Visitor: 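Can you keep this structure in mind? I'll have questions shortly.
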2 protein chains.
Amino acid sequence: MTDATVAQNLKVACSNCNLRELCLPVGFSPDDIDRLDEIVKNRRRVKQGDSLFNDGDPFTSLYAIRTGFFKTSVTTDDGREQVTGFQMAGEIVGLDGIVNEQHSCHAVALEDAEVCVMPFANVESLSREFPVLQRNVHKIMSREIVRENEVMMLLGNMRSEERIAAFLLNLVQRLHTRGFSKTELVLRMSREEIGSYLGMKIETVSRTFSKFSDLGIIEIKQRFVHIKDADALKKICNPQVC
Amino acid sequence: MTDATVAQNLKVACSNCNLRELCLPVGFSPDDIDRLDEIVKNRRRVKQGDSLFNDGDPFTSLYAIRTGFFKTSVTTDDGREQVTGFQMAGEIVGLDGIVNEQHSCHAVALEDAEVCVMPFANVESLSREFPVLQRNVHKIMSREIVRENEVMMLLGNMRSEERIAAFLLNLVQRLHTRGFSKTELVLRMSREEIGSYLGMKIETVSRTFSKFSDLGIIEIKQRFVHIKDADALKKICNPQVC
DNA sequence: AAAAGACTTTGATACAAATCAAATTTCTTT
DNA sequence: AAAGAAATTTGATTTGTATCAAAGTCTTTT
């Protein structure tokens with residue numbers, strides 16, 4: 001362990017982390033709250049473009065994102081990439097590694113990031129002790145399953161305009177939960193990565209953004225997006241109902 | 001509780017269930033194995049075409065499939081259905097319900113089925129007591145996340161022939177694990193349901209089967225499939241490598 | 001500040017799969 | 001066993017998105 005890591009350890013404390021409500025359970029009793037800090041071993045910085053873990057890496061820990069933005073992706077043997085998700089502060093990555101004790105996807109930082117390293121052995125032992133933490137871990141995994149169900153619906157049933165609309169609404173909603181604007185956002189990922197996530201080619205992503213812009217639904221300048229008409233986006237996602 | 005349910009309770013015993021290795025952890029000590037039986041409250045029969053649970057139903061239990069075959073699906077407000085998976089004996093359904101304490105998908109029996117009802121409260125309390133069970137529950141959820149990642153790859157990146165090839169190989173592999181043939185299977189789902197799962201229309205599913213049949217890769221008669229050339233299917237899934 | 005490189009947008013064309021349509025086969029009901 | 005309904009297959013045509021191509025914009029390097 002380097003001196004830098006040791007120094008960081010002093011700061012590691014879930015008990016007064018401002019993200020706690022996002023990533024850990026509420027309802028811990030005041031007496032037990034300090035025990036929660038055992039869950040995090042240390043923090044780790046990941047530079048933009050670097051991997052937090054790769055397909056095939058041995059699984060040891062889950063990672064709670066403190067700052068920064070990640071993508072996760074799977075790749076075929078012949079080199080095709082499918083982005084499986086974009087993760088932001090307060091979200092957990094690494095759940096894919098539990099089943100085979102090794103990771104089956106890549107997690108790459110899309111901007112400089114810092115994560116809390118939670119050795120899975122700690123997560124499991126504390127979960128046995130604290131039912132509220134156990135329930136939280138189960139909910140996090142279940143949430144991921146439900147999210148992926150929704151992505152399957154996007155990929156299997158929706159046309160490209162619906163996919164982009166749903167994507168923008170989802171991003172801005174999650175950012176809003178974190179205190180950011182309801183209407184403005186900065187895309188941390190490239191058009192290519194958006195396309196990979198949504199099963200579209202880069203040109204189609206670009207054309208769809210342009211179309212929404214022409215229709216006055218959004219303003220878009222590079223990676224900056226202003227959602228001018230969220231209702232229109234909702235209508236596009238869900239044509240019959242709205 | 002009806003008399004029928006009571007009678008069934010007498011038979012419910014994970015400790016000598018022939019599916020135990022599929023659905024529950026190995027490595028339980030002989031002393032503890034009986035405790036495992038507490039996890040199942042009772043069994044429930046589900047007729048072909050009936051729902052085990054529906055979107056919106058309150059979540060109380062996970063279900064281990066004893067016999068029969070299920071599909072799970074999500075639906076949009078405007079009525080589009082996306083099949084999210086097909087489940088067979090030894091597999092667990094209901095994980096989607098944990099996060100919001102209500103189900104977000106439907107589970108429908110594709111043939112007469114019987115499931116073990118595992119109240120989630122029991123699963124959680126026994127998990128706290130038995131680390132090997134806790135680990136198993138985590139693995140089951142992680143496996144589902146990894147499976148959905150693979151489906152995202154199918155839907156986002158693969159063409160229809162690749163999807164069908166991967167689908168057939170996956171089904172026959174899971175059946176083989178359960179002691180069935182490596183080369184012959186009976187599809188329990190309609191062409192429509194296959195198409196919904198794979199993001200294809202029924203006509204494309206049919207054409208793709210016909211093409212594989214013409215190429216001598218499979219024989220197909222209605223729902224019966226004989227895989228004559230598994231290597232060819234693997235080659236189709238993964239063109240560069242094989 | 002110029003040059004090089006990466007990323008994005010826009011246009012023209014091609015193609016895989018969807019849609020529309022009809023025939024065939026299988027299953028269900030009487 | 002016949003009639004009707006449902007599911008599946010096959011054919012013809014359309015269409016949404018991919019592909020190919022080129023121009024434009026932004027970022028990084030020298």
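Here is the naming used below: chain letters follow the sequence lines, and residue numbers restart at 1 for every chain. Predicted, not measured: the structure shown is a model, and the values here were computed from it.
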Visitor: Using the side chain to side chain contact (heavy atoms under 4.5 Å, CB included) criterion, which residues pair with B:Glu150? Sequence neighbours excluded.
Guide: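 Checked B:Glu150 against side chain to side chain contact (heavy atoms under 4.5 Å, CB included); matches are B:Val146.
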Visitor: Does anything in residues 166-190 of chain B pair up under salt bridge (Lys or Arg N to Asp or Glu O under 4.0 Å), and if so which pairs, sequence neighbours excluded?
Guide: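 Passing the test, one end in residues 166-190 of chain B: B:Glu91-B:Arg174, B:Glu91-B:Arg178, B:Glu111-B:Arg188.
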Visitor: Which nucleotide of DNA chain C is the first, and which the last, in the 5' to 3' direction, to come under 4.0 Å of a heavy atom belonging to chain A?
Guide: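 Nucleotide range with atoms under 4.0 Å of chain A: C:dT8 to C:dA12.
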Visitor: Once side chain to side chain contact (heavy atoms under 4.5 Å, CB included) is applied, do any residues pair with B:Ser160, and if so which ones, sequence neighbours excluded?
Guide: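 Listed in chain order: B:Met200, B:Thr204, B:Thr208.
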Visitor: Does B:Ala109 have any side chain to side chain contact (heavy atoms under 4.5 Å, CB included) partners at least two apart in sequence or in another chain, and if so, which?
Guide: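 Once residues adjacent in sequence are excluded, the partners of B:Ala109 under the side chain to side chain contact (heavy atoms under 4.5 Å, CB included) criterion are B:Val46, B:Phe70, B:Ala113.
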Visitor: Does A:Phe69 have any ring pair (Phe, Tyr, Trp, His ring centres under 6.0 Å) partners at least two apart in sequence or in another chain, and if so, which?
Guide: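 Per chain and number, A:Phe69 pairs via ring pair (Phe, Tyr, Trp, His ring centres under 6.0 Å) with no residue.
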Visitor: Base, sugar-phosphate, or nothing for A:Lys211, non-hydrogen atoms under 4.0 angstrom?
Guide: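 The answer is nothing, as A:Lys211 stays clear of every strand by at least 4.0 Å.
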Visitor: Can you list every pair that meets ring-ring contact (aromatic ring centres under 6.0 Å, His included) and has a residue in residues 179-218 of chain B, with sequence neighbours left out?
Guide: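 Every ring-ring contact (aromatic ring centres under 6.0 Å, His included) pair that includes a residue of residues 179-218 of chain B, provided the two are not neighbours, is B:Phe86-B:Tyr197.
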Visitor: Sequence neighbours left out, what pairs pass salt bridge (Lys or Arg N to Asp or Glu O under 4.0 Å) with at least one residue falling in residues 49-72 of chain B?
Guide: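 Listed once each, the pairs are B:Arg66-B:Glu114, B:Lys71-B:Glu81, B:Lys71-B:Glu193.
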Visitor: Any pair with a residue in residues 203-227 of chain A that passes salt bridge (Lys or Arg N to Asp or Glu O under 4.0 Å), sequence neighbours left out, goes on the list, sorted by first then second residue, please.
Guide: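 Qualifying pairs, neighbours excluded: A:Glu161-A:Lys211.
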Visitor: Can you build the contact string for nucleotides 8-24 of chain D? Use B for base contact, S for sugar-phosphate-only contact, and - for no protein heavy atom under 4.0 Å.
Guide: SBBBB----SSBB----
Visitor: Residues in ring pair (Phe, Tyr, Trp, His ring centres under 6.0 Å) with A:Tyr63, at least two apart?
Guide: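 By the ring pair (Phe, Tyr, Trp, His ring centres under 6.0 Å) rule, A:Tyr63 matches A:Phe53.
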Visitor: Given B:Ile164, which of B:Leu154, B:Ile194, B:Leu169 fulfils the side chain to side chain contact (heavy atoms under 4.5 Å, CB included) condition?
Guide: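 Option passing the side chain to side chain contact (heavy atoms under 4.5 Å, CB included) with B:Ile164: B:Ile194.
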Visitor: Which angle, to the nearest 10 degrees, lies between the helix axes at the two ends of the helix from C:dA1-D:dT30 to C:dT30-D:dA1, each defined by five pairs?
Guide: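 Rounded to the nearest 10 degrees, the bend comes out at 50°.
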